[in-house]
Amino acid sequence: MINIGNPIFSHKFTSDPTVLLYDQKVYLYTGYDEAAPGVQSYIMRNWLCFSSADLINWEEHPVPLQATDFSWASGDAFASCVVFNKQQFYWFAAVSHRDIPGKAIALGVSETPTGPFRDAIGSALITGNDIPFDKNPMANLDPSVIIDTDGQAYIFWGNQKCYFAKLSDDMLGLQGKINTIELPGFSEGAHVFKRNDWYYLTYGYGNPEKVAYAMSPSIHGPWAFKGILNELAGNCETNRPAIVEFKGKNYFFYHNGALKGGGSHRRSVCVDYLYYNPDGTIKRVLMSSEGLR
């Protein structure tokens, strides 16, 4: 497939991008919106995987993971994050739990970036029982994982409140307590990364969601709110950013409802250039139908 503009793909409705750099390629993992025309609800059963060496020519791989690959899950393939660590690929994903009320965070593992991925634990990594003080059934959404420069892994996630915690050395559990980050307008869709000496936390802001971001000199904070990164993305109430540097340029992945028949429940992943100011802050993203052309 050749990317001739935004959205990147037109043969399927894709959502909630997360990006991994590995072996000189970009691996783009997305949700798959399957709601029929006129159906105003999320119907998401699995995730998709695409790869590219230039962000123009894309290869689609077989479905790498389904929500029901986790035997304890009832379904619902919400936003996810894939990282490479300790010679394996770890897929953190939000799903619905069969027995514990609310959403849960699952963990899949594979020896290759294209999968297939399998349940790494045999149970959920995080459930509503881990945050009993939060009665929001959607609290465990949209995980984002960062491997810090010292090798320590951290997970960020949440809906209406932003949580973060250390991951254990084997990546299969939490280490220590769950912490809360106070961020203006935090809705969901956290994406955390590091560039030079700064940590960045981007997220869906308000409702409908723009994308905002905060910066910190430490993964532990304090986080300083820096403002809006991009405005509302077309006819879509949600957004979930992914930011990556590849071959000397910076890119901003997101989703909108721009495809014919699209909308909040039939979304499409897009990509545009991203630029930094000399002090490390980020310039507002100019969303375009031309994409990288």
Side-chain angles (χ1 to χ4, degrees), residues 1-10 14-31 48-61 79-85 89 113-114 144-149 156 189-205 210-217 219 226-234 239-256 258 267-293:
M1 295 177 291
I2 299 177
N3 174 19
I4 57 175
N6 281 325
I8 302 174
F9 313 113
S10 59
T14 54
S15 59
D16 296 327
T18 184
V19 178
L20 171 71
L21 300 183
Y22 180 74
D23 195 23
Q24 302 300 309
K25 284 187 177 182
V26 168
Y27 287 85
L28 170 61
Y29 305 89
T30 76
L48 305 175
C49 175
F50 307 87
S51 66
S52 175
D54 57 11
L55 300 187
I56 301 298
N57 298 280
W58 291 90
E59 178 183 358
E60 182 175 6
H61 302 279
S80 64
C81 177
V82 181
V83 297
F84 178 67
N85 193 34
F89 299 86
T114 56
S144 178
V145 172
I146 180 173
I147 312 298
D148 208 351
T149 48
F156 292 69
H191 168 65
V192 62
F193 65 99
K194 186 179 184 182
R195 179 180 182 267
N196 297 331
D197 295 327
W198 289 104
Y199 295 86
Y200 296 81
L201 177 51
T202 63
Y203 60 94
Y205 174 96
K210 301 178 181 181
V211 173
Y213 79 106
M215 294 171 61
S216 173
I219 193 69
K226 295 299 180 180
I228 302 301
L229 185 53
N230 81 320
E231 295 292 337
L232 300 179
N239 212 331
R240 202 286 175 92
I243 293 171
V244 66
E245 181 177 350
F246 181 59
K247 295 185 176 179
K249 295 183 178 181
N250 297 284
Y251 300 93
F252 179 82
F253 289 83
Y254 59 101
H255 66 228
N256 62 20
R267 298 161 292 180
S268 299
V269 170
C270 302
V271 60
D272 281 297
Y273 291 109
L274 181 138
Y275 300 98
Y276 292 89
N277 294 308
D279 63 356
T281 57
I282 310 176
K283 296 182 179 181
R284 285 207 180 194
V285 174
L286 298 178
M287 296 177 288
S288 70
S289 58
E290 293 81 13
L292 303 182
R293 293 291 179 173

Test item: [X] side-chain N/O and [Y] main-chain N/O as donor-acceptor pair under 3.5 Å:
| X | Y | result |
| --- | --- | --- |
| Tyr251 | Leu292 | no |
| Asn277 | Asp279 | no |
| Tyr203 | Ala212 | no |
| Asn57 | Ser52 | no |
| Ser15 | Arg267 | no |
| Arg240 | Ser80 | yes |
| His255 | Asp16 | yes |

Qualifying residue for side-chain hydrogen bond (donor to acceptor under 3.5 Å, both in side chains) with Tyr254, from Asn239, Asn230, Asp272, Thr202: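 With Tyr254 as partner, Asn239, Asn230, Asp272, Thr202 yield a single side-chain hydrogen bond (donor to acceptor under 3.5 Å, both in side chains), made by Asp272.
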
Taking C-beta and beyond as the side chain, do [X] and [Y] meet within less than 4.5 Å on heavy atoms?
| X | Y | result |
| --- | --- | --- |
| Phe84 | Val82 | no |
| Asp197 | Pro217 | no |
| Val269 | Pro7 | no |
| Ile282 | Phe252 | no |
| Trp58 | Val26 | yes |

So which atom in [X] and which in [Y] form the shortest heavy-atom distance, rounded to 0.1 Å?
| X | Y | result |
| --- | --- | --- |
| Tyr200 | Gly280 | OH-O, 2.5 Å |
| Cys270 | Asn256 | SG-ND2, 3.4 Å |
| Met1 | Glu59 | CE-C, 4.5 Å |
| Asn6 | Gly291 | ND2-CA, 3.3 Å |

Steps toward side-chain contact (heavy atoms from CB on, under 4.5 Å) verdict (Ile243, Leu229): CA-CA 11 Å; Ile243 293 171; Leu229 185 53; 4.0 Å; yes

Worked check of side-chain contact (heavy atoms from CB on, under 4.5 Å) between Tyr276 and Trp198: CA-CA 12 Å; Tyr276 292 89; Trp198 289 104; over 6 Å; no

Quick check for you: to the nearest 0.5 Å, what is the distance between [X] atom [atom1] and [Y] atom [atom2]?
| X | Y | atom1 | atom2 | answer |
| --- | --- | --- | --- | --- |
| Lys25 | Asp54 | NZ | CG | 10.5 Å |
| Met287 | Glu231 | CE | CD | 7.0 Å |
| Cys49 | Tyr29 | SG | OH | 4.5 Å |

Other residues, nucleotides and ligands only: do more than 12 of their heavy atoms fall within 6.0 Å of [atom1] on [X]?
| X | atom1 | result |
| --- | --- | --- |
| Lys194 | NZ | yes |
| Ile4 | CD1 | no |
| Lys247 | NZ | yes |
| Leu21 | CG | yes |

Among Ile146, Ile219, Val192, side chain to side chain contact (heavy atoms under 4.5 Å, CB included) partner for Leu201: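 Of all the options given, the one that passes is Val192.
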
Evaluation steps, side-chain contact (heavy atoms from CB on, under 4.5 Å), between Tyr22 and Phe89: CA-CA 10 Å; Tyr22 180 74; Phe89 299 86; 3.6 Å; yes

Steps toward side-chain contact (heavy atoms from CB on, under 4.5 Å) verdict (Phe50, Ile8): CA-CA 11 Å; Phe50 307 87; Ile8 302 174; over 6 Å; no

Plane angle bin for Tyr275 and Tyr273 - parallel if under 30°, tilted between 30 and 60°, otherwise perpendicular: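 Geometry flag for Tyr275 against Tyr273: tilted rings.
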
